[in-house]
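Please read all numbers here as calculations on a predicted model, not as lab measurements. The analysis underlying the following values was restricted to heavy atoms, covering all of them including side chains, and did not include hydrogens, waters or symmetry mates.
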Amino acid sequence: MCGELRAENAGQDVVLMGWVNRRRDHGGLIFLDLRDRSGITQVVVDEKVTAAHAKADAARPEYVVAVKGRVRRRGEGLQNPNMPTGEIEVVASELLLLNEAKTPPFSPAEDAIANEEVRLKYRYLDLRRTEMQANFALRSRVAMAIRNYLVGEGFLEIETPFMTRSTPEGARDYLVPSRIHAGSFYALPQSPQIFKQILMVSGFDRYFQIARCFRDEDLRADRQPEFTQIDLEMSFPQMDTIFRVAEGFLTAAFDAAGIQLAPPFVRMTYDEAIHNYGIDKPDMRLPAMVDLSDVLTQQLRETLKIEQGLPVLALVIPKTGRLSGTARKALQSEVRHHFGDTGLDSLDLDRLAMSPNQVFQLLAGQIVSRVHLELERFCGDEDLTDATVIVVTPKLGTPALWNYDPQWIYKRVGALRLELGAKFADKHKLFEQTHTAADFKFAWVTDFPMYEWNEETKTWDAAHHPFTSPHEDDIRAGRLTNDKGAVRALAYDVVLNGTELGSGSIRIHRKDVQAEIFRSLGMTDAEAHERFGFFLDALEYGTPPHGGIALGLDRIVMILAGATSLREVIAFPKTAKAIDLMVDAPTPVSDLQLRDLHLRIATRS
RNA sequence: GGGGACGUAGCUCAGUUGGUUAGAGCGCUGCCCUGUCACGGCAGAGGUCGCGGGUUCGAGCCCCGUCGUCCCCGCCA
């Protein structure tokens, strides 16, 4: 193939087929760079080879050609050290134009890339680009590594249906109308959740699937309406068993990308994540928030007009260098703007330190030493003078604040931490990519809350999904009925650099517990039976304890490819409005099709 | 549903305070060229300034609406 020939192939007769990447016409001598997915080779066509030369003359970029010729080692000074095949060239004896090509709207050979609208419309051209070819080669390798690992661990790959039953919880379903049953619909699966649990009931012990999932929600850079999960489930697991398996296949996946991970990953509870990072998917490429609550005594809070009893938090952004006066002021106003009228404010540490008041000086000293401690924990010994510190305080007597619990402040400051991280990342090379294990900060977050208060419907919803087992202790303490907010779930997320890669849980395997959970979610027994009767039935026929996890393959590959959008690692993705610009989907359908499906379009906008 | 950015030649973009015939680079077409590799030289073609309306003597530029792409919030068990 085009990318494979080297100096040791000199003298060999070869046939190459590929696309014309570039053509350099010197009159009597024409150079064609021939490209296929393995790489690029230079072909030389001399005018003495009349027929071939005429064809090379007619050839244009993106023509598909076949070349017969001999590999020749390039002479001194003619070599191109920037190309893997730069030491050789193929001297053409015969040339065939297998197919012509219209002038493409953008060139797959260019480094500069066109806007996404054009790229997506002509996706087949975009996918010819070296970068995209590399992304999909990587994706294939990663998927293969995961398959190999899981099969090696005794997992069985089993497919589950795409056309299934709508479940009203969770995301919006994509629906498929039934022709045979007027007025009824299949739903595309949001995940194979129930099927994989049933497979455990069936005795399949260790199941996995690289499964397509569908969710009809609004898109983001890291969210597509159809996406691929590495879905697995096992019987008789401890949480640790599942962590080990997931760490195992992630290690295999990263190995396929040339990165050696060193599991086990860091673990923290949900409460710790919120307290230290203000978010349930911490990005640990930045230092944690520093809790200064105990440094700010009651007395000091009164003087500084800081609310009692609420957390005071410091953020530290390393490697920013010493900020100029203007930069500090700009930052200050940015922070103000970020918090708006929430009642959060920032304390000027420098002014505190330079204050003639000794109490303030002391306080500043205490804050600095606390922050320094975190910085040391984070990256050995980092010079604090090179970092920027922001101290966030809840202002005294801000009415709105009275309703806010500490969690709200943690989350709010956590959001600022990420915003500033992103801002300084570009400027000061905060996340320098060395493409080694150190760039990839994994964590397990455990003990998620079981329930989430839904302000809209004034009900408790399942935070993960309703098949998640609550902590044994919380069941025994009766919290399922009288203290839902405190119930912890046996649920866990695996997080990488602030992105949720996947989540899972130990499931409920007893019918009575499952029924009680449904009831606690406000479902009557009749409703539960109507929706999940088949599942409750299955639980009664000898269900093993089981649990599992599902990880987003697209997101894993995206991060490994260094991309910031899933569209770079999905061959035929959809736009932010869920449109496929190449095939132009979705489209209206004919009245005949609608009649077959017993559907009528009610409104057209 | 809400907020923001963008939309000018095939592509990437510039276009001053609203003022004559809307520009550049790349690409494309033709001719020349035997050592290029982002080849080079000469000549040339190419525009519904996203679309619709308005203000104005005059709109790429101002106003209103609309469509599309991207990012974020809501949403995503």
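One P atom belongs to B:C39, the other to B:G15, and the distance between them is 29 Å to the nearest Å. B:G30 and B:A22: their C1' atoms are spaced 26 Å apart (whole Å). Rounded to the nearest Å, the gap between the P atom of B:G4 and that of B:U20 is 33 Å. Remark: the separation of the C1' atoms in B:G58 and B:G46 is 27 Å, to the nearest Å. When the P atom is compared between B:G18 and B:A59, the two are found 14 Å apart, to the nearest whole Å. Across B:C28 and B:C62, the matching C1' atoms stand 36 Å from one another, rounded to whole Å. Going from the C1' atom of B:G23 to that of B:C49 covers 12 Å, rounded to whole Å. Nucleotides B:U69 and B:G25 are separated by 24 Å at their C1' atoms, to the nearest Å.
A 3.5 Å limit on both hydrogen-bonding distances identifies B:C32 as the Watson-Crick or G-U partner of B:G40. Across all strands shown, B:A24 forms a Watson-Crick or G-U wobble pair with B:U12, both key distances being under 3.5 Å. If you check B:C70 for Watson-Crick or wobble pairing at under 3.5 angstrom, you find it paired to B:G4. For B:C62, the paired nucleotide is B:G54, the pair qualifying as Watson-Crick or G-U wobble because both relevant distances are below 3.5 Å.
Against RNA chain B, the stretch residues 71-79 of chain A makes heavy-atom approaches under 4.0 Å through A:R72, A:R74, A:L78, A:Q79.
In this structure A:D493 satisfies the side-chain hydrogen bond (donor to acceptor under 3.5 Å, both in side chains) test with no other residue, sequence neighbours excluded. Take A:E94 and apply the side-chain hydrogen bond (donor to acceptor under 3.5 Å, both in side chains) test, not counting sequence neighbours, and it matches no residue. The side-chain hydrogen bond (donor to acceptor under 3.5 Å, both in side chains) test applied to A:N21 returns A:R35, not counting sequence neighbours. Residues that satisfy the side-chain contact (heavy atoms from CB on, under 4.5 Å) test with A:E516, not counting sequence neighbours, are A:L480, A:R519. With sequence neighbours excluded, no residue forms a side-chain hydrogen bond (donor to acceptor under 3.5 Å, both in side chains) with A:R215. Scanning for salt bridge (Lys or Arg N to Asp or Glu O under 4.0 Å) contacts around A:R37 gives an empty result, with sequence neighbours left out. Remark: A:T524 pairs with A:A526, A:E527 by the side-chain contact (heavy atoms from CB on, under 4.5 Å) rule, at least two apart or across chains.
Between A:F518 and A:F532, the ring planes lie parallel to each other; the angle is under 30°, not in the 30° to 60° tilted range. The aromatic rings of A:F467 and A:H465 lie tilted to each other, with the angle between the two planes from 30° to 60°. Between A:W444 and A:F243, the ring planes lie parallel to each other; the angle is under 30°, not in the 30° to 60° tilted range.
A:L416 places its CG atom 15 Å from the P atom of B:C73, with the value rounded to the nearest Å. As a whole-Å value, the separation of A:L418 CG from B:C72 P is 13 Å. Atoms CE (A:M83) and C1' (B:C39) sit 14 Å apart, rounded to a whole Å. Atom CG of A:D111 is separated from atom P of B:C37 by 15 Å (rounded to the nearest Å). Here the P atom of nucleotide B:G35 and the CD atom of A:E87 are 22 Å apart, to the nearest Å. In this structure, the CD atom of A:Q42 is 16 Å from the P atom of B:U34, given to the nearest Å. In this structure, the CG atom of A:D57 is 13 Å from the C1' atom of B:U29, given to the nearest Å. Separating the CG atom of A:D580 from the P atom of B:G68 is a distance of 15 Å, rounded to the nearest angstrom.
Judged by closest nucleotide on RNA chain B, A:A576 is the one of A:A576 and A:E452 placed further toward the 5' end. Along RNA chain B, the nucleotide nearest A:H26 and the nucleotide nearest A:D222 are compared for position; the residue whose nucleotide lies closer to the 5' end is A:H26.
At a threshold of 4.0 angstrom between heavy atoms, the contacts of A:D46 include nucleobase atoms, whether or not backbone atoms are also involved. Across all strands, A:A463 comes closer than 4.0 Å only to sugar-phosphate atoms, never to a base (heavy-atom distances). At a threshold of 4.0 angstrom between heavy atoms, the contacts of A:S107 with the nucleic acid are absent. Within 4.0 Å (heavy atoms only), A:D25 reaches at least one base atom of the nucleic acid. Residue contacts shown for A:T468 are absent, as no nucleic acid heavy atom lies under 4.0 Å away. A:E89 comes within contact range of at least one nucleobase, with a heavy-atom separation under 4.0 Å. Counting non-hydrogen atoms under 4.0 angstrom, A:K48 reaches a base of the nucleic acid.
Within the structure, side-chain hydrogen bond (donor to acceptor under 3.5 Å, both in side chains) contacts touching residues 571-583 of chain A (residues at least two apart or in different chains) are A:E226-A:K574. Applying the ring-ring contact (aromatic ring centres under 6.0 Å, His included) test to residues at least two apart or on different chains, the pairs with a partner in residues 23-58 of chain A are A:H26-A:F31.
The pair A:E500-A:R555 does not count as a salt bridge, with every side-chain nitrogen at least 4.0 angstrom from each carboxylate oxygen. A salt bridge links A:D33 with A:R24; the closest basic N to acidic carboxylate O contact falls under 4.0 Å. Remark: A:E131 engages A:R129 in a salt bridge, criterion side-chain N to carboxylate O under 4.0 Å.
Between the side chain of A:R567 and the base of B:C70, no donor-acceptor pair under 3.5 Å is found. A donor N or O paired with an acceptor N or O is not found under 3.5 Å between the base of B:C76 and the side-chain atoms of A:R215. Below the 3.5 angstrom threshold, one finds a donor paired with an acceptor across the side chain of A:R220 and the base of B:G74.
Here the side chain of A:D218 is nearest to one of B:U69, B:G1, B:U36, namely B:G1. Comparing B:C37, B:C76, B:C28 by their closest approach to the side chain of A:R223 singles out B:C76.
For B:C39, one of the phosphate oxygens OP1 or OP2 lies less than 4.0 angstrom from a side-chain nitrogen or oxygen of A:R24. For the pair A:R22 and B:C39, the criterion of a side-chain N or O lying under 4.0 Å from OP1 or OP2 is met.
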I'd like a table of atom pairs between the protein and nucleotides 5-8 of chain B - only N or O on both sides, under 3.5 Å - with the distance next to each one.
none

Find every protein N or O atom lying less than 3.5 Å from an N or O atom of nucleotides 9-13 of chain B, and list the pairs.
| from | atom 1 | to | atom 2 | distance (Å) |
| --- | --- | --- | --- | --- |
| B:G10 | O2' | A:P105 | O | 2.6 |
| B:C11 | O4' | A:P105 | O | 3.1 |
| B:U12 | OP1 | A:N115 | N | 2.6 |
| B:U12 | OP1 | A:N115 | ND2 | 2.9 |

